[in-house]
Number of protein chains: 2
Amino acid sequence: MELTPRVTIRDVAQRAGVSVATVSKVINGRYGVSAATAAHVQAVIRQVGYEASLVAQSLRNHRTNVIGILVADLEPFSTELLKGAADGIRDSGFELVVYSAGGRATDHEGWERRYLSRLSGTLIDGAILVTPTVVDVSHGSPVVAVDPHAGSTELPTVDSDNLKGARLAVEYLLGLGHRRIAMLTGRPDLQSVQLREDGYRQAMAAAGIPVTEDLVRVGGFEADQAARAARELLTAEDPPTAVFAANDVSAIVTVTAAAQLGLRVPADLSVVGFDNVPESVLCVPPLTTVEQPIHEMGRLATRMLIKLIRGEPVDRPHVTLDTKLIVRQSSAAPPARSN
Amino acid sequence: MELTPRVTIRDVAQRAGVSVATVSKVINGRYGVSAATAAHVQAVIRQVGYEASLVAQSLRNHRTNVIGILVADLEPFSTELLKGAADGIRDSGFELVVYSAGGRATDHEGWERRYLSRLSGTLIDGAILVTPTVVDVSHGSPVVAVDPHAGSTELPTVDSDNLKGARLAVEYLLGLGHRRIAMLTGRPDLQSVQLREDGYRQAMAAAGIPVTEDLVRVGGFEADQAARAARELLTAEDPPTAVFAANDVSAIVTVTAAAQLGLRVPADLSVVGFDNVPESVLCVPPLTTVEQPIHEMGRLATRMLIKLIRGEPVDRPHVTLDTKLIVRQSSAAPPARSN
DNA sequence: ATGAAAGCGCTAACAC
DNA sequence: GTGTTAGCGCTTTCAT
């Protein structure tokens with residue numbers, strides 16, 4: 001497969017009959033090269049289709065005009081965020097590179113630290129960390145976190161009002177008449193997940209309904225685990241009439257699990273998700289969910305990062321965007337009591 | 001912002017009181033290091049949180065275990081493909097890096113050649129080109145194209161049956177009774193777009209309906225341009241009763257344009273898209289569209305690429321997946337003639 | 001078992 | 001105006 005071994009700056013220099021330094025100067029538009037030589041070198045470059053190696057370049061320079069986005073996996077939430085980031089970067093002169101840890105459970109914890117170590121200082125001028133597990137990173141280049149790990153952080157951060165969103169969802173279910181409302185939580189290390197659970201507990205407490213521990217299960221944001229947890233919830237002794245899932249993927253999985261158990265959604269079971277990813281509408285029935293402005297979060301995070309890279313001041317280092325409830329067809333009043 | 005300047009192999013060596021060569025050997029598990037030194041070096045590495053620079057490493061080595069996916073922009077189609085690619089890569093030992101050209105219109109043409117030149121041989125072991133404009137790339141590393149530029153290519157390719165899909169869509173509209181069916185085409189350089197237009201023309205011809213050139217407009221897959229083209233179509237002398245758009249984004253834009261012009265979809269105008277990206281269901285009304293198995297295309301492309309990188313044989317170098325029509329609510333019989 | 005040194009492709013001082 | 005040289009962080013002979 002190694003057909004063309006790669007044309008280097010040396011090849012160009014040789015072919016043009018000049019030194020590599022001259023070629024480099026031409027490439028970078030530096031002074032100190034005659035118009036004639038420059039033109040000639042340009043011609044040769046075009047002829048052989050030469051492009052400087054990003055790797056070699058960024059080993060030398062320390063500015064690359066590339067922004068890295070580090071995601072644990074490419075799933076609906078993160079890809080939605082990418083679209084926003086792509087927006088935020090338009091006409092900024094920066095390019096976007098996305099690194100996916102590939103969702104591998106092993107060596108998951110701390111992936112962002114490893115990637116950052118491997119990349120920063122070279123290859124990227126700054127990074128956006130999406131749902132990072134670790135935030136005490138103090139590397140060479142600026143970093144912005146989106147929906148980070150629990151605990152306060154020094155890092156500039158973009159997130160959304162998870163507490164409010166969760167409360168809205170549960171209050172809505174309570175308003176429909178539900179009393180046995182279960183929660184399927186997500187990755188326990190994320191602050192957002194903690195807040196969503198807090199919102200659930202607060203809303204339940206405000207309604208005077210005790211949350212017994214059999215009502216809360218960890219789905220981990222991951223399809224298999226969430227499916228198992230959902231089945232546990234739905235086949236329990238005294239099953240819930242509604243499930244609030246910590247994200248849309250878990251909610252969709254819950255709807256599927258319900259169908260497999262012969263439960264009709266929303267007649268027998270109401271399900272509410274969180275995120276409002278495009279997939280939530282593909283769900284049958286379309287999912288009632290809490291919207292967080294994922295696209296905007298991605299856009300804001302890149303704008304912040306670009307400011308940081310340029311050394312400009314950032315107005316607010318921690319931005320929290322609003323959430324709101326989107327009612328669709330996966331929720332309804334609970335079934336009439338048979339007992 | 002340059003807090004910690006980056007800890008290099010030299011720092012580790014110094015701190016451990018050994019040479020860089022020894023540290024390198026420890027990192028890469030090479031022979032020729034006493035157990036004691038190895039352990040000590042490991043300890044220091046952990047202590048200072050050292051991670052080898054990907055850039056420096058790949059400048060030396062030529063194997064990186066990283067696959068690059070090159071996309072023109074991060075929009076619904078490409079992000080959907082990324083999810084599939086992420087699937088295809090699981091448990092393969094490879095990592096995924098996505099490069100987005102950022103959708104910049106300038107220097108758009110040929111971006112894939114430039115990126116490939118800048119990256120291959122270093123940093124990535126192979127690449128997936130998504131909707132590339134150029135396919136005569138013969139670089140060091142293996143390449144797989146997804147939905148490439150027009151014209152046959154030597155490159156291993158994954159695409160879908162665009163001709164059939166388009167015919168299905170237009171035949172469906174004809175079956176509903178539509179006669180004035182317009183087409184909003186996409187990026188003219190893509191073979192898939194050409195085939196979708198061919199399908200449209202074939203179906204129209206088979207029904208004995210001439211396609212006058214005022215019925216065909218170029219939307220370019222890009223929201224602004226598509227909106228303009230859609231308005232042109234809908235405000236023409238003798239406007240169409242149905243629009244077949246070459247992708248979902250253009251179709252959604254058409255629905256919006258129709259609404260702004262006071263046209264009801266589907267009562268006054270039917271719209272059919274292509275792709276079946278998740279966003280097509282978010283459209284109001286939900287979009288009738290042609291499904292291509294984007295996720296699977298991404299998965300297949302990565303599997304193919306991994307085989308190529310490993311030097312294994314690839315059964316079929318050109319895979320074409322099936323397409324099918326998904327009927328939703330943006331299409332209906334044409335309005336009764338008023339004249 | 002360990003280290004010195006060369007070199008991957010490139011850029012930036014500093015000669016000439 | 002142009003070339004020589006050093007060095008970015010790393011791996012790999014090849015001495016020792």
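Atom set for the values below is all heavy atoms of this structure, side chains included, hydrogens, waters and symmetry mates excluded. Protein chains get the first letters and strands the later ones, always in sequence-line order, with residue 1 at the start of each.
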4.5 Å side-chain heavy-atom contact, A:Val319 and A:Thr157: no
Without placing hydrogens or testing angles, list every side-chain donor-acceptor pair under 3.5 Å for residues 77-88 of chain A, not counting sequence neighbours.
unit_1: A:Ser78; atom_1: OG; unit_2: A:Asp73; atom_2: O; d: 2.7
unit_1: A:Ser78; atom_1: OG; unit_2: A:Glu75; atom_2: N; d: 3.1
unit_1: A:Ser78; atom_1: OG; unit_2: A:Glu75; atom_2: O; d: 3.2
unit_1: A:Ser78; atom_1: OG; unit_2: A:Glu75; atom_2: OE2; d: 2.9
unit_1: A:Thr79; atom_1: OG1; unit_2: A:Glu75; atom_2: O; d: 2.9
unit_1: A:Thr79; atom_1: OG1; unit_2: A:Pro76; atom_2: O; d: 3.1
unit_1: A:Glu80; atom_1: OE1; unit_2: A:Lys83; atom_2: NZ; d: 3.0
unit_1: A:Lys83; atom_1: NZ; unit_2: B:Glu279; atom_2: OE2; d: 2.6
unit_1: A:Asp87; atom_1: OD1; unit_2: A:Arg90; atom_2: NE; d: 3.4
unit_1: A:Asp87; atom_1: OD1; unit_2: A:Arg90; atom_2: NH2; d: 2.8

Contact check, side chains of B:Leu54 and A:Tyr115, non-hydrogen atoms, under 4.5 Å: no
Pair listing, side-chain hydrogen bond (donor to acceptor under 3.5 Å, both in side chains) test, anchored in residues 48-57 of chain B, at least two apart: A:Arg118-B:Gln57
Test log, rule side-chain contact (heavy atoms from CB on, under 4.5 Å), inputs A:Thr37 and A:Val18: CA-CA 9 Å; A:Thr37 355; A:Val18 296; 3.9 Å; yes
Identify all pairs in which a protein N or O lies below 3.5 Å from an N or O of nucleotides 6-8 of chain C, and state each distance.
unit_1: C:dG7; atom_1: N2; unit_2: B:Arg60; atom_2: NE; d: 3.2
unit_1: C:dG7; atom_1: N2; unit_2: B:Arg60; atom_2: NH1; d: 2.6
unit_1: C:dG7; atom_1: N3; unit_2: B:Arg60; atom_2: NH1; d: 3.2

Nucleic acid contacts of residues 11-25 of chain B, taken as heavy-atom distances under 4.0 Å to DNA chain D: B:Ala21, B:Ser24
Partner set under side chain to side chain donor-acceptor pair (under 3.5 Å) for A:Ser192, not counting sequence neighbours: A:Asp147
Pairs satisfying salt bridge (Lys or Arg N to Asp or Glu O under 4.0 Å), at least one member in residues 296-305 of chain A, at least two apart: A:Glu296-A:Arg299
Short side-chain to backbone donor-acceptor contact, B:Thr64 and B:Leu123, under 3.5 Å: yes
Pairwise distance CD1(B:Ile67) to CG(B:Leu96) - rounded to 0.5 angstrom: 7.0 Å
Distance test, side-chain N/O of B:Gln57 to OP1/OP2 of D:dT11, below 4.0 Å: yes
Separation of D:dC10 P from A:Arg118 CZ (nearest whole Å): 10 Å
Residues that B:Asp315 engages under salt bridge (Lys or Arg N to Asp or Glu O under 4.0 Å), provided they are two or more places apart: B:Lys307
For DNA chain D, the residues among residues 27-35 of chain B that have a non-hydrogen atom under 4.0 Å from it: B:Asn28, B:Arg30
Interatomic distance where CD belongs to B:Glu51 and P belongs to D:dC10 [whole Å]: 11 Å
Separation of atom CD1 in A:Ile9 from atom C1' in C:dA12, rounded to whole Å: 12 Å
Where at least one partner belongs to residues 24-49 of chain A, residue pairs that pass salt bridge (Lys or Arg N to Asp or Glu O under 4.0 Å), sequence neighbours excluded: none
DNA chain C-proximal residues of residues 37-46 of chain B, any heavy atom under 4.0 Å: B:Thr37
Side-chain (B:Arg187) to main-chain (B:Thr131) donor-acceptor, under 3.5 angstrom: yes
Residue pair A:Glu112 / A:Thr133, side-chain donor-acceptor N/O under 3.5 Å: yes
All salt bridge (Lys or Arg N to Asp or Glu O under 4.0 Å) counterparts of B:Arg63, not counting sequence neighbours: B:Asp125
Axis deviation across the helix from C:dA1-D:dT16 to C:dC16-D:dG1, five-pair ends, to the nearest 10°: 50°
Check: A:Tyr99 and A:Val97 side chains under 4.5 Å, non-hydrogen atoms: yes
